[in-house]
Amino acid sequence: MCGIVGYIGNNAVAEELLSGLKSLEYRGYDSSGIALNDNRKIIVFKASGKLSNLNAVLHEKNVEDYSSFMGIGHIRWATHGAPSIENAHPHLSNDGNLVLVHNGIIENYKELRQKLQNQGVVFHSQTDTEAAVHLFAEEYKKCGSLEQAVRNGLPQLKGAFAFVIMHHAESDKIIAVRKNAPLIIGCGKNENYVASDIPALLGKVNHIIHLDDDEMAVVKKNEVIVKYINGQVVQKEMEKVDMAADVISKNGYAHFMLKEICEQPAILRRVIQSHVQNQTIYLDDAKINVDFDKVKKIVIVACGTSLHAALVAKKVWEEWLKLPVQVEAASEFIYQTNLLDENSLVIGVSQSGETADTITALKLAKKYQSQIMVLTNRVDSSIVRYASSIVPLNAGVEISVAATKSYMAQLVAFYWFGLLFAQKLNKISELDWQQKLQILIQLPEKIEEILSHQNDIESIAQRLTRYSAVVFMARGFNLPTAYEAALKLKEISYINANAYPAGELKHGPIALLDKNMPVLALFEQGQNAPKLLSNCEEAKARQAPVIGIGGEKCSDIFNEYIETPEVDACFSPLLLCVPVQLLAYFTAKALNREIDQPRNLAKSVTVE
Ligand code: AGP
């Protein structure tokens, strides 16, 4: 996923573009660049690595000396071609007149590149994007109009793309085009913006226009005209920006990740209060069109952290609903034999709603006439187009690449739906339902109790930095929590963290254990605890340091212990995810990692 911005107005354009890119840094940070349409020509500035490197280049080149009031910008998460200056956007046509930035992937770029090279076009990068800029430039030579050139070129492109395009000769407009990648127009007073996502527009405009697929916007300083790619004008509603500018501020926290971890109790309270009136669950902001009677099979598809939330749902729903729940990594689901039909309910889970694997999996499910539901934190994202039922996570914008509050919101959504489905399918008594509801309602203060012990967790994390690899283990409802704990730790601290079912350790992984391989055990109440304790003893017998998280404090076994409030085993994933999020955060902090923007990662992976 990349971030793209555009500006046309009266302000110094470089500053406008840079601040927009700064707000989109979570979308990728391998390289960045801007292009200005100066009265004399198109000027391009690029830098590899972090956005601060581009800032330095602009400072060195005295960008403020350029009198330009329109420009485009890009921040990249590399798909085709290494993160280098040559591959950084914006990409310029060979005559230097047409320039563009792109988010998405051009699937037929190789054929296009070959065709253009046969026409004598010289390429300078390994990117798929460069094929588009030369294609539009060739079309411009034929028709002499940027809008028409883009319209003629688009049908020749296959894949997902959001483009922002400028031509030197048409210095009164920017063209924005959307197909399967998000793009928003920010409508100002005698100035207009284009951006991949709303954080780049916060505090700048009060009204926005969401472009839909196959729409093109001709953006001028005081006019925005939206058309279908075929040229027909589209009447679009201007929406009021309903997100506070401080959403993209750390509000005093050292990192967005810690801020978002600490927001979890408030998110839980808001979701519970908005969904429970008179002890009844309402999902008023959810669009539910599920024919529950038809549902004979449930399949959940997701990636990464969202996949771990789905694994928790499987354990909880199969216990509550007595229905088979299949969970698949979306990237596997796409290429395997899937036994779906009209009696299947396929649920896509995606914080960003732009994850290509998950979207492709839902497109496939649609072919089987399955009912499709999505749980997403971005109801303005691409994924909602493939679903007849949409459940907003309402976790607020999540900036840190490491998913935390959105994971909590996904879990809560799954528990809510478990209760709702159980009611619809008459699988739960009124008393049991009330008891479960009460447990959910009491969760926020239990999470606050864990958050109040951050210092204890931080000191354990500091000792964890001595190790290059660790093992998480659990049984029962928290096996997915162990997988999530391992993902969190590895993706932001770069420590090689892996997770196993505790009972599986003796079947091989125990060979890894020695004094240099700590084992972190996640305890829940009930029958699993004694078994897990003996797994800890097995680990200790191999000199592995053992850290207990939750459960009984067994000082003769545990080298370290993180206490958690008591809660019913079935609901414990909602609690135990918090200490492991904090452990990952403080370990990465002690190692001085780029916590909100870990190396090689992006907030949403929009390529398969
Ligand atoms: C989680 O911390 C990672 N950022 C990553 O695994 C993420 O969960 C995954 O890419 C799925 O993203 P999505 O929820 O936006 O689809």
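Numbering of residues begins at 1 and proceeds along the displayed sequence. Remember, it's 1-based here, ligands and their atoms both numbered in the order they're listed.
Residues His255 and Tyr585 have side chains that bring a donor and an acceptor to within less than 3.5 angstrom of each other.
Short contacts between ligand 1 and Thr305, defined as distances under 4.0 Å to a heavy atom of the residue, involve ligand atoms 1 (C), 2 (O), 6 (O), 8 (O). Of all the atoms in ligand 1, the ones that sit under 4.0 Å from a non-hydrogen atom of Ala403 are 1 (C), 2 (O). Of all the atoms in ligand 1, the ones that sit under 4.0 Å from a non-hydrogen atom of Ser306 are 8 (O), 13 (P), 14 (O). Heavy-atom proximity to Leu487, at under 4.0 Å, picks out these atoms of ligand 1: 6 (O). Contact atoms of ligand 1 toward Ala402: 2 (O) (distance under 4.0 Å to a heavy atom of the residue).
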Practice item. Check step by step if side chain to side chain contact (heavy atoms under 4.5 Å, CB included) holds for Ile562 and Asp456. Key: CA-CA 8 Å; Ile562 298 175; Asp456 303 340; over 6 Å; no
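Looking only at protein heavy atoms, the nearest one to atom 6 (O) of ligand 1 is Gly304 CA, 3.3 Å. For atom 15 (O) of ligand 1, the closest heavy atom belonging to the protein is Ser352 OG, 2.7 Å. Regarding atom 12 (O) of ligand 1, its nearest protein heavy-atom neighbour is Thr355 OG1, 3.5 Å. The nearest heavy-atom contact from the protein to atom 9 (C) of ligand 1 is Cys303 O, 3.8 Å. In terms of protein heavy-atom proximity, atom 3 (C) of ligand 1 is nearest to Glu491 OE1, 3.4 Å. Annotation: atom 10 (O) of ligand 1 to nearest protein heavy atom, Val605 CG2, 4.3 Å.
Residues Ser352 and Ser381 approach most closely at O-CB, 3.2 Å, considering heavy atoms. The nearest pair of heavy atoms linking Phe571 to Val567 is CB-CG2, 4.1 Å. Phe161 and Ala181 get closest at one heavy-atom pair: C-CB, 3.9 Å.
When each of Lys405, Arg27, Lys603 is tested with Glu398 by the rule salt bridge (Lys or Arg N to Asp or Glu O under 4.0 Å), just one qualifies, namely Lys603.
At least one heavy atom of Val401 sits closer than 4.0 Å to an atom of ligand 1. Residue contact check for ligand 1: Leu601 places no non-hydrogen atom closer than 4.0 Å to it. Ligand 1 has at least one atom lying under 4.0 Å from a heavy atom of Lys488.
Salt-bridge check for Asp214 with Lys179: passed, with a basic side-chain N closer than 4.0 Å to an acidic carboxylate O. The pair Glu319-Lys315 fails the salt-bridge criterion, with no side-chain N (NZ, NE, NH1 or NH2) lying under 4.0 Å from an Asp/Glu carboxylate O. Ion pairing between Glu25 and Lys22 holds under the 4.0 Å rule for side-chain N and carboxylate O.
Ligand 1 has no N or O atom lying under 3.5 Å from any N or O atom of Lys603, backbone or side chain. Inclusion of Gln351 in the set of residues having an N or O under 3.5 Å from an N or O of ligand 1 is warranted.
Residues Glu328 and Ile334 are not in side-chain contact: their nearest non-hydrogen atoms beyond the backbone lie 4.5 Å or more apart.
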